[in-house]
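In what follows, a single structure is set out as structure tokens and then discussed.
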Amino acid sequence: MTGDSHSTFVIKYLPLIGRAGVIHSILHLSGAEYKNEFVAKDEIAAHREKFPFGHVPVLIETLPDGSTFELGEAIAIEHYLAEKYNLFGSTPQETALIKSVATNIYLELADNLFSKDAAAKRSEFESEVLPRFTLCHERWLDQNGNNGHYFGDRLTYADLVLVNWLRVMSKMGITIDESSSLKKVEKKLSELPEWRGKYEYYHPFNSLEEEKAAEGEEVEEVEKEEEDDEEGEAGEDEERRKRRRA
């Protein structure tokens, strides 16, 4: 995975991985420099005009020339980063196929798991939707040689989206047979050395509250140091004034 290594990024989102899971994963695996800017739900509700579409996640990129680029909507951000870090195809046709696979994953899994009546339709999802989805995507993977990738022998955006949603389902108690070629994609992805020991950190259900709290403590410490410096400078100025009067 390569791209513009000189750009830096900020992810504006709640203090969890959540819907920014694929975004985090692309940036981390590519070795991009980025940081989180945590936003509280009440802040979003009170100041929707601060965000492109009134919600998060939002990506802010600082380019090499110092200019900034702001982008809203999770899937649009994913597509932008996937293109930037070579997770799409080498031709327009292959890129279209990769996007079609990822889109189907969102439509079949995300839309069903998090619809308003998802709880009522849980049984239907597990007995009808998931088996149909599994059969379809196993066919795609088997056509590629069942090597742990949807396309060729390399990581693509489609692999990342699949694994993200397999992890979501697992946390919700919905399992896929371990012998399925879908699980092979998950295993292959989890073993990438580019995770640098942080595969679990980027689990979609992972909370970043501790990181937010630590960030708050750092800000308080910096502010206190600045206050101490200001007080020290004020004291030195007063001392100089006393000497001049003397």
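The structure displayed is predicted, hence computed values, not measured ones.
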> Side chains of H24 and Y34: is there a donor and an acceptor less than 3.5 Å apart?
Replying inline: yes

> Quick one: which of T156, D159, N144 gives a side chain to side chain donor-acceptor pair (under 3.5 Å) with H149?
Replying inline: D159

>> A side-chain contact here means heavy atoms from C-beta on lying under 4.5 Å apart; do E94 and I98 qualify?
In response: yes

> R196 side chain to E194 main-chain N or O, any donor-acceptor pair under 3.5 Å?
Replying inline: yes

> So, is the end of the K99 side chain (NZ or CZ) under 6.0 Å from the ring centre of F88 and within 45° of the ring's axis?
Replying inline: yes

> Can you find a heavy atom in the side chain of M169 that is under 4.5 Å from one in the side chain of L166?
Replying inline: yes

> Do R19 and E78 sit within salt-bridge range, that is, some charged N less than 4.0 Å from a carboxylate O?
Replying inline: no

> Are the side chain of S7 and the backbone of L63 linked by a donor-acceptor contact shorter than 3.5 Å?
Replying inline: no

> Does K184 use its side chain to pair, donor to acceptor, with the backbone of N146 at less than 3.5 Å?
Replying inline: yes

> For T134 and E138, does a side-chain donor sit closer than 3.5 Å to a side-chain acceptor?
Replying inline: no

> What residue among N164, V161, L160 forms side-chain contact (heavy atoms from CB on, under 4.5 Å) with S25?
Replying inline: L160

>> Has H28 got a side-chain atom pairing as donor or acceptor with W195's backbone, closer than 3.5 angstrom?
In response: yes

>> Checking L109 against F125 for the side chain to side chain contact (heavy atoms under 4.5 Å, CB included) test, could you report, in this order, the C-alpha distance in whole Å, the side-chain angles of both residues, the deciding distance, and whether it holds?
In response: CA-CA 9 Å; L109 300 186; F125 174 79; 3.8 Å; yes

>> Before you tell me yes or no, could you show the steps for Y150 and H137 under side chain to side chain contact (heavy atoms under 4.5 Å, CB included), namely the whole-Å CA-CA distance, both residues' side-chain angles and the distance that decides it to 0.1 Å?
In response: CA-CA 9 Å; Y150 274 104; H137 283 260; 2.7 Å; yes

> Would you say N104 and F133 make side-chain contact, with heavy atoms under 4.5 Å?
Replying inline: yes

>> Any non-hydrogen side-chain atom of I176 less than 4.5 Å from a side-chain atom of L130?
In response: yes

> Taking the side chain from N112 and the backbone from E108, do they hold a donor-acceptor pair closer than 3.5 Å?
Replying inline: yes

>> Are R122 and E126 packed together at the side-chain level, in the sense that at least one heavy-atom pair is separated by less than 4.5 angstrom?
In response: yes

>> Does atom NZ (K121) have a neighbourhood of more than 12 heavy atoms from anything else shown, all under 6.0 Å?
In response: no

> Any side-chain heavy atom of V58 sitting closer than 4.5 Å to one from V39?
Replying inline: no

>> Does the plane of the ring in Y157 sit parallel, tilted or perpendicular to the ring in H79? Use 30° and 60° as the thresholds.
In response: perpendicular

> Counting distance only, does the side-chain N/O of S100 pair as donor-acceptor with the main-chain N or O of L97 below 3.5 Å?
Replying inline: yes

>> Could you check whether any side-chain heavy atom of F151 comes within less than 4.5 Å of a side-chain heavy atom of W140, counting everything from C-beta outward?
In response: yes

>> Between Y13 and I23, does the side chain to side chain contact (heavy atoms under 4.5 Å, CB included) criterion hold? Intermediate values first, please.
In response: CA-CA 11 Å; Y13 193 56; I23 298 168; over 6 Å; no

> Just by modelled atom types, is the E124 backbone N or O under 3.5 Å from a matching donor or acceptor in the E128 side chain?
Replying inline: no

>> Assess the residue pair L113 and I174 against the criterion (side chain to side chain contact (heavy atoms under 4.5 Å, CB included)); give the C-alpha distance rounded to whole Å, side-chain angles, the decisive distance to 0.1 Å, and a yes or no.
In response: CA-CA 10 Å; L113 289 171; I174 303 171; 3.6 Å; yes

> Does CD belonging to E210 count more than 12 external heavy atoms closer than 6.0 Å?
Replying inline: no

> Looking at side-chain heavy atoms only, is the closest gap between Y199 and V163 below 4.5 Å?
Replying inline: yes

